[in-house]
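Notes follow the structure.
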Amino acid sequence: MEALVVLLPLFGAMLAMPAGRLAGARAAELLTTGLLLAAAVISWFLFFDVALGGNARTIELFTWIASGGFEANWAVRLDTLSAVMLVVVNSVSFLVHWYSMGYMKDYGEQSRFFAYLSLFTFAMLTLVTADNFLQLFFGWEGVGLASYLLIGFWFKKKSANDAAIKAFVVNRVGDFGFALGIMGVYYVFGSIQFDEVFQAVATNAVVTPWNMAAGAPIRELTISFLGNDWRALTVLSILLFIGAMGKSAQFLLHTWLPDAMEGPTPVSALIHAATMVTAGVFLVCRCSVFFEYAPNAAALVTLVGAVTAFFAATVGLLQDDIKKIVAYSTCSQLGYMFFAAGVGAYDAAMFHLFTHAFFKALLFLGSGAVIIGMHHEQDIKKMGGVKELMPFTHILMVIGTIAITGVGIPGLYLFGAPFGTAGFISKDMIIEGAFLGGEAGRAFGYFAYTLGILAAVMTAFYSWRLIFLTFWGPSRAPEHIRKHPHAVPDTMMMPLIPLAIGALVAGMVFYGDFVGDNKDRFWNGALYAVEAHHEDAAEAHGTETHAAVSHETEEAHGAADDHAADAGEDHGGGHHVPTWVLWSPFFAMLAGTFAAAWHYLRGDPLKPGLLRPGGMVYAFLKNKWYFDELYDFLLVKPALALGRFLWKDGDGKTIDGVGPDGISAAVAAGARRIVKLQSGYVYHYAFAMLIGIAILVTFMLIRAGGGQ
């Protein structure tokens with residue numbers, strides 16, 4: 001059964017197109033969706049068995065590669081971390097498959113589309129159940145391939161092809177670092193098996209890198225890289241994180257994510273909520289023991305995550321495409337997850353990944369329903385009044401919005417869990433964890449807290465801006481759309497209901513297990529429980545470990561009455577969570593919400609605001625900090641110029657001109673000259689023969705005379 005949770009989507013991908021050809025597109029839809037439903041059910045069963053029951057295990061299916069001393073098995077690793085990801089991936093993928101049955105009915109090519117969706121799901125499942133770095137890399141590249149196919153699904157559309165190529169190329173940049181990291185792991189440890197590698201780091205074992213005479217304890221080991229000696233764990237952690245930056249669209253490698261909206265809307269939901277972009281967060285959490293003993297690498301994770309959360313939120317403020325607003329929201333929320341992991345709050349990062357899947361899939365699929373209902377219009381400035389046309393969609397989108405903005409009541413606990421939406425609980429845990437990271441002396445902890453609060457203000461603003469401009473106020477849509485909105489099939493609306501329920505209550509239901517009193521039993525070693533190794537870590541690098549932050553965050557969210565009465569008391573060895581810190585995300589949410597309401601619910605919603613068209617700040621944000629233009633100037637145009645030079649001058653004029661083309665040209669020229677000797681006149685030939693005979697006779701006479 002464990003293998004089926006991974007293989008069922010693969011079977012769907014393999015059988016979708018044959019089934020479509022034999023029995024029609026509906027057969028392909030039902031087949032793939034049914035197999036995903038079975039996989040989702042098995043995922044939940046395994047979640048209760050592994051995460052809640054404590055029955056972690058690894059099932060080795062076969063030996064994948066065996067060469068000399070190197071061996072890589074294909075396995076299904078089932079611990080709490082992979083069980084959580086199985087639930088997220090298969091549940092959201094099933095709902096996306098179900099939704100797509102309605103969304104794609106007017107587009108055609110359903111068999112190919114559903115095959116790609118199932119392939120995407122299989123690749124992600126391979127990634128999260130990997131037991132070694134090489135199998136993880138296989139799944140990592142698999143989701144890259146599937147995303148290329150899905151983003152460019154409408155391949156006859158140039159913008160879709162360009163977006164697919166952009167996603168593929170940008171991810172190759174990150175994947176190059178990831179591949180180097182995997183090679184480095186094997187070079188240092190002589191193994192790519194998770195258990196062997198992580199155990200060596202946790203116990204500070206002596207390792208001897210390949211071709212080195214002597215080894216050293218791994219936490220003190222240095223290796224030569226780029227001409228300098230560096231701490232091995234720092235180098236490996238940074239290289240692995242570079243891969244995570246590309247896959248999860250972090251700052252500097254984020255440019256592919258908004259363009260990925262060129263694919264069908266269900267693709268956007270699957271990429272942004274459950275699969276590709278969450279792979280980077282999963283990787284950092286899977287390798288948590290690396291980052292615990294590589295404080296400089298962890299500081300980089302914190303810095304990049306905090307900047308990404310802030311950057312993407314600023315860009316989301318002025319976007320008008322409904323899907324791109326939600327896309328930049330994803331980029332920002334991923335930043336939260338990364339800086340949580342950077343300060344050691346891996347449990348909070350995974351908790352937010354889990355809750356984010358519900359409300360982000362809800363927002364994307366709800367946006368898809370709006371696009372269909374508005375005859376494929378995506379500009380929210382051309383909408384307005386949609387709640388009258390699509391009241392149920394409006395309710396669901398509002399639920400997703402209150403979840404992502406973090407609506408809840410700080411200090412109020414029900415049944416041992418904070419009272420609020422899923423985003424309220426998980427995002428607050430991250431922001432408080434960042435503050436505690438600063439208290440514990442973690443690099444960029446306070447910086448991440450500050451940018452996290454600012455991003456929370458902007459998240460509330462642009463999220464409610466989307467609601468107000470799309471659903472409220474007078475309609476700005478053309479007359480034919482207002483009078484005849486496109487009918488949205490029930491198959492598109494039904495999958496949104498479980499997502500809405502999850503967006504409301506998932507945080508409260510799973511709080512105790514993910515980050516509360518039960519977290520040690522729940523995670524069961526899947527995340528490096530550093531509080532148990534706190535003293536060893538402090539010895540290793542002379543400071544407190546990041547994981548202490550995770551422990552402090554748990555204490556900060558203790559019992560309800562303790563939390564309400566003693567919010568400002570000492571937590572975890574001299575670290576405080578002041579009351580103002582606990583309430584700051586709530587007030588940030590209120591500030592952004594009231595600012596959006598003040599601007600968009602008073603008079604003309606399209607009136608110029610604080611950031612007016614024509615201003616430098618407006619242009620800077622509207623053009624996404626000019627990253628596309630900057631990369632075009634620094635990378636794309638020089639690469640094109642170099643390629644053109646190598647093509648025209650290097651290959652054409654030099655290699656071909658001197659080589660095969662030059663030789664063939666010389667032969668052809670010689671042939672043309674020789675051909676001129678063939679005049680066709682008999683007397684020319686007779687004259688040539690006489691000349692030849694004369695030369696021959698002369699030669700023979702000379703030879704004869706010389707012989708005498």
Side-chain angles (χ1 to χ4, degrees), residues 249-252 254 299 301-319 325-343 345 348-349 352 356 360 401-408 410 423-439 442-466 553 577-600 609-611 615-618 620-625 627:
Q250 292 300 281
F251 189 68
L252 300 179
H254 65 277
V301 175
T302 306
L303 175 63
V304 171
V307 172
T308 302
F310 177 79
F311 154 75
T314 63
V315 175
L317 293 173
L318 297 177
Q319 295 299 304
I325 295 172
V326 186
Y328 277 107
S329 156
T330 298
C331 194
S332 182
Q333 297 301 309
L334 288 166
Y336 277 101
M337 299 175 207
F338 273 106
F339 76 66
V343 297
H352 196 53
H356 175 262
K360 187 50 56 68
T401 300
I402 64 175
I404 194 173
T405 57
V407 174
F424 165 77
I425 298 172
S426 59
K427 188 163 68 175
D428 281 18
M429 289 292 297
I430 288 177
I431 291 176
E432 292 164 25
F435 181 85
L436 288 170
E439 289 279 278
R442 304 277 37 98
F444 301 112
Y446 289 135
F447 177 75
Y449 166 79
T450 303
L451 292 193
I453 290 295
L454 294 175
V457 175
M458 292 182 284
T459 298
F461 183 89
Y462 66 66
S463 297
W464 285 110
R465 173 179 178 265
L466 185 153
T553 307
V577 184
T579 303
W580 64 268
V581 172
L582 299 175
W583 281 81
S584 56
F586 177 76
F587 287 116
M589 177 270 297
L590 289 182
T593 301
F594 284 133
W598 178 265
H599 181 77
Y600 294 103
L610 183 63
L611 301 176
M616 289 181 61
V617 176
Y618 180 93
F620 183 69
L621 298 182
K622 191 72 173 176
N623 288 283
K624 302 161 287 189
W625 291 28
F627 268 104

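A distance of 9.5 Å separates OH in Y462 from CD1 in I325, rounded to the nearest 0.5 Å. The line from CZ of F587 to CH2 of W580 is 13.0 Å long, rounded to the nearest 0.5 Å. Distance check: K427 NZ to E432 CD gives 12.5 Å after rounding to the nearest 0.5 Å.
Of all heavy-atom pairs between A460 and T405, the closest is CA-CG2, 3.5 Å. Considering every non-hydrogen atom in both F435 and P578, the closest pair reads CE2-CD, 3.4 Å. Looking at every heavy atom in both residues, L318 comes nearest to K622 through O-NZ, 2.8 Å. Looking at every heavy atom in both residues, A349 comes nearest to A341 through CB-N, 4.1 Å. The two residues G445 and V343 make their nearest non-hydrogen contact at CA-CG1, 4.3 Å. In plain terms, the two heavy atoms of T401 and S463 that are nearest each other are CG2-CB, 3.8 Å.
Side-chain contact between V326 and L466: present, with at least one pair of heavy atoms (C-beta onward) separated by less than 4.5 Å. Side-chain contact check for H352 versus Q333: some heavy-atom pair is nearer than 4.5 Å. When side chains are defined from C-beta on, L582 does not count as touching P410, because their heavy atoms never get closer than 4.5 Å. F338 is not listed as a side-chain neighbour of V304, based on a closest heavy-atom distance of 4.5 Å or more. At least one side-chain heavy atom of L590 sits less than 4.5 Å from a side-chain heavy atom of F586. The closest side-chain heavy-atom distance from I404 to T459 is below 4.5 Å.
The side chain to side chain contact (heavy atoms under 4.5 Å, CB included) search around A312 returns Y328, C331, S332, not counting sequence neighbours. Under the side chain to side chain contact (heavy atoms under 4.5 Å, CB included) criterion, A403 pairs with F359, T421, A503, sequence neighbours left out. Applying the ring pair (Phe, Tyr, Trp, His ring centres under 6.0 Å) test to F627 and every residue at least two apart in sequence or in another chain returns F251, H254, F311, Y631. With sequence neighbours excluded, the residues forming a side-chain hydrogen bond (donor to acceptor under 3.5 Å, both in side chains) with K360 are S329, T330, H356, listed by chain and number. Partners of W598 under the ring pair (Phe, Tyr, Trp, His ring centres under 6.0 Å) rule, at least two apart in sequence or in another chain, do not exist in this structure.
With hydrogens and angles disregarded, a donor-acceptor distance shorter than 3.5 Å links the side chain of Y336 to the backbone of G452.
For the side chain to side chain donor-acceptor pair (under 3.5 Å) condition, the pairs that include at least one residue of residues 581-596, sequence neighbours left out, are Y449-S584, W464-T593. Screening residues 304-318 for side chain to side chain donor-acceptor pair (under 3.5 Å) gives Q250-T308, T314-W625 as the qualifying pairs, with residues at least two apart or on separate chains. Contacts classified as salt bridge (Lys or Arg N to Asp or Glu O under 4.0 Å) and involving residues 455-466 (residues at least two apart or in different chains) are given here: D320-R465.
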